[in-house]
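To start, the structure itself, in structure tokens.
Every chain is numbered from 1, with letters handed out A, B, ... down the list of sequences. The shown structure was predicted, so the numbers you read here are calculated from the model rather than taken from an experiment. Keep in mind that the numbers below use all heavy atoms, side chains included, and drop hydrogens, waters and symmetry copies.
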There are 2 protein chains.
Amino acid sequence: MLERVPAYTDAMLAETGTLSDRVYRHLADRLIAGRFAPGDKLSLRAVSEALGLSIMPVREAVSRLAAEGALEVTPKKAITVPLMRAAQFRDITQVRVEIEGFAAATACRMATPESLAGIEAREREFRDLSEQPQADLAQAVAANQAFHFAVYRAAGSAELLAIIERLWLRAGPIINLDLRENPERLRLGGAVQAHRACLAAIREGRADAAREAIASDIRGASTFILSRQRLLD
Amino acid sequence: MLERVPAYTDAMLAETGTLSDRVYRHLADRLIAGRFAPGDKLSLRAVSEALGLSIMPVREAVSRLAAEGALEVTPKKAITVPLMRAAQFRDITQVRVEIEGFAAATACRMATPESLAGIEAREREFRDLSEQPQADLAQAVAANQAFHFAVYRAAGSAELLAIIERLWLRAGPIINLDLRENPERLRLGGAVQAHRACLAAIREGRADAAREAIASDIRGASTFILSRQRLLD
DNA sequence: TGCCGCAATCTGTGATCACAGTTAGCTTCC
DNA sequence: GGAAGCTAACTGTGATCACAGATTGCGGCA
């Protein structure tokens, strides 16, 4: 059986906090960005060696990610990116629609000129990237994330933000890996359209419309992915 | 300065999983049950000694709890139960109202005869405990938690359940510690009434009423606690 | 040529040691 | 009697070692 064991070439770490924190951010970023595929195996020693550390910080980072469901350590002593069944993916999609939709509606009510300007800038960046014929997928993924979190941050709730981050940590490997493998989803423009609608709604203070725009963005990607049937069940 | 450093007398551990998992469950249960007060300090070596282990499993457990915001490790090398400002508590209350309310509404739609029977049983147990003049607070806290999670579990969403558990992990020290110190909140019967209303709503399939009952339960406790001004700010 | 089995390697988990930074308490000096 | 200062104990973090269990790959047998 051929197993994906991704390489760790560009092993850059953040420069603040304990080593454990840095490794955690490193792995979390890569998970959200879809740099790991569901089913990928990690090894403490391989990661620590690639990062030039002992295994201790990696151990703690993996342990945290496992607690959040972003990684799994099986009873057979293997660290894997969780495989998600279609039913689970539908579940997480529904929860995301509810929670991220709520965050968007709240952002609509709490928006300040500064946060609105940030959202506008992120919307423009993502739109520009998407409309390029040969879009850099890594950049597009990052820009999409930047737009969403600009909105969610505008809601002004640290609790909500932490919860949404956890959701992205779990959904990232599926969504963004899919986007890497099916870049035409970008060109179809569903996300651009939803972002534009969300931005307009926030500008005009229509909270329900903002919620609906985010919901349709999430549902659109989810439907696309489920139709590809790359998931179990 | 006198600091609360809680004792670890009844150091019982669950009996499945790795040692780290067991320590995690042990600490998480105590946090949710309000056995720690905000500001309490923990020490890896003290906990590990009380549990009869090396510090490694405790380290991993604390690391996970810190990642979830249930504990804090300060840059000055101290592990503490986070102090929460009033604004933060209001924030988490609002998020709980939204998410746990959504879970209750979903439970209403998804309820089966079995899950309904479980909810009924938990409601009765909590009501019986609350109506005793000298209620055992630890039992009452556990019964309240059992009722809420019976409802949330009935929603059938693992994602939602994990998110709510994280919220309780963070809010538990404040809510249940307050209940221990102000047991009259139990006797006032706000919770019993809300639970009864929630149960009735689920029985009759009124999802919005179920949401509102849970919301009022959460808001009631929150208002009570904020009025006591035991929080910073 | 195909399959079974054994051995070497690699896995996560737990314990122990080392270390720099913090805290606490005692002593000493004013 | 009180405050300052120093030392001893304790803190979390990181590295290293030990170990049991899983995996892998090679060699030999059918």
Can you check whether S20(A) has a side-chain N or O nearer than 4.0 Å to OP1 or OP2 of dT13(D)?
no
Distance, rounded to the nearest Å, where [X] contributes [atom1] and [N] contributes [atom2]:
X      : N       : atom1 : atom2 : value
M56(A) : dA15(C) : CE    : P     : 13 Å
K76(B) : dT13(D) : NZ    : P     : 15 Å
E60(B) : dG12(C) : CD    : P     : 11 Å
R22(B) : dT13(C) : CZ    : C1'   : 12 Å
I55(B) : dT13(D) : CD1   : P     : 10 Å

Does I175(A) reach the side chain of L179(A), with side-chain heavy atoms less than 4.5 Å apart?
no
Is the closest side-chain heavy-atom distance between E165(A) and F149(A) below 4.5 Å?
yes
Non-neighbouring partners of R170(A) that pass salt bridge (Lys or Arg N to Asp or Glu O under 4.0 Å), sequence neighbours left out:
E159(B)
Does a salt bridge link [X] with [Y], judged by any charged N lying under 4.0 Å from a carboxylate O?
X       : Y       : value
R45(A)  : E49(A)  : no
R64(A)  : E60(A)  : yes
D21(A)  : R25(A)  : no
R228(B) : D178(B) : no

Side chain of P57(A), heavy atoms from C-beta onward: which of dA15(D), dA15(C), dT16(D) has the nearest atom to it?
dA15(D)
Can you pull out the residues from residues 63-73 of chain B that lie within a 4.0 Å heavy-atom distance of DNA chain C?
none
Which residues share a side chain to side chain contact (heavy atoms under 4.5 Å, CB included) with E114(A), sequence neighbours left out
T112(A)
Considering heavy-atom distances to DNA chain D, does T74(B) or S54(A) have its closest nucleotide positioned more toward the 5' end?
T74(B)
Could you pull out the protein-nucleic contacts involving nucleotides 5-8 of chain C (nitrogen or oxygen on both sides, under 3.5 Å)?
none

Show me the protein contacts with nucleotides 5-11 of chain D, counting only N or O atoms at under 3.5 Å.
unit_1: dT11(D); atom_1: OP1; unit_2: S43(B); atom_2: OG; d: 3.1

Please determine whether any donor N or O and acceptor N or O are separated by less than 3.5 Å between the side chain of R59(A) and the base of dG14(C).
yes
By side chain to side chain donor-acceptor pair (under 3.5 Å) - contacts of S157(A) (at least two apart)
D91(B)
Kindly indicate, with the supporting measurements, whether the criterion side-chain contact (heavy atoms from CB on, under 4.5 Å) is fulfilled by L160(A) and Y152(A).
CA-CA 8 Å; L160(A) 215 44; Y152(A) 305 148; over 6 Å; no
Would you call the rings of H195(A) and F147(A) parallel, tilted or perpendicular if under 30° counts as parallel and over 60° as perpendicular?
parallel
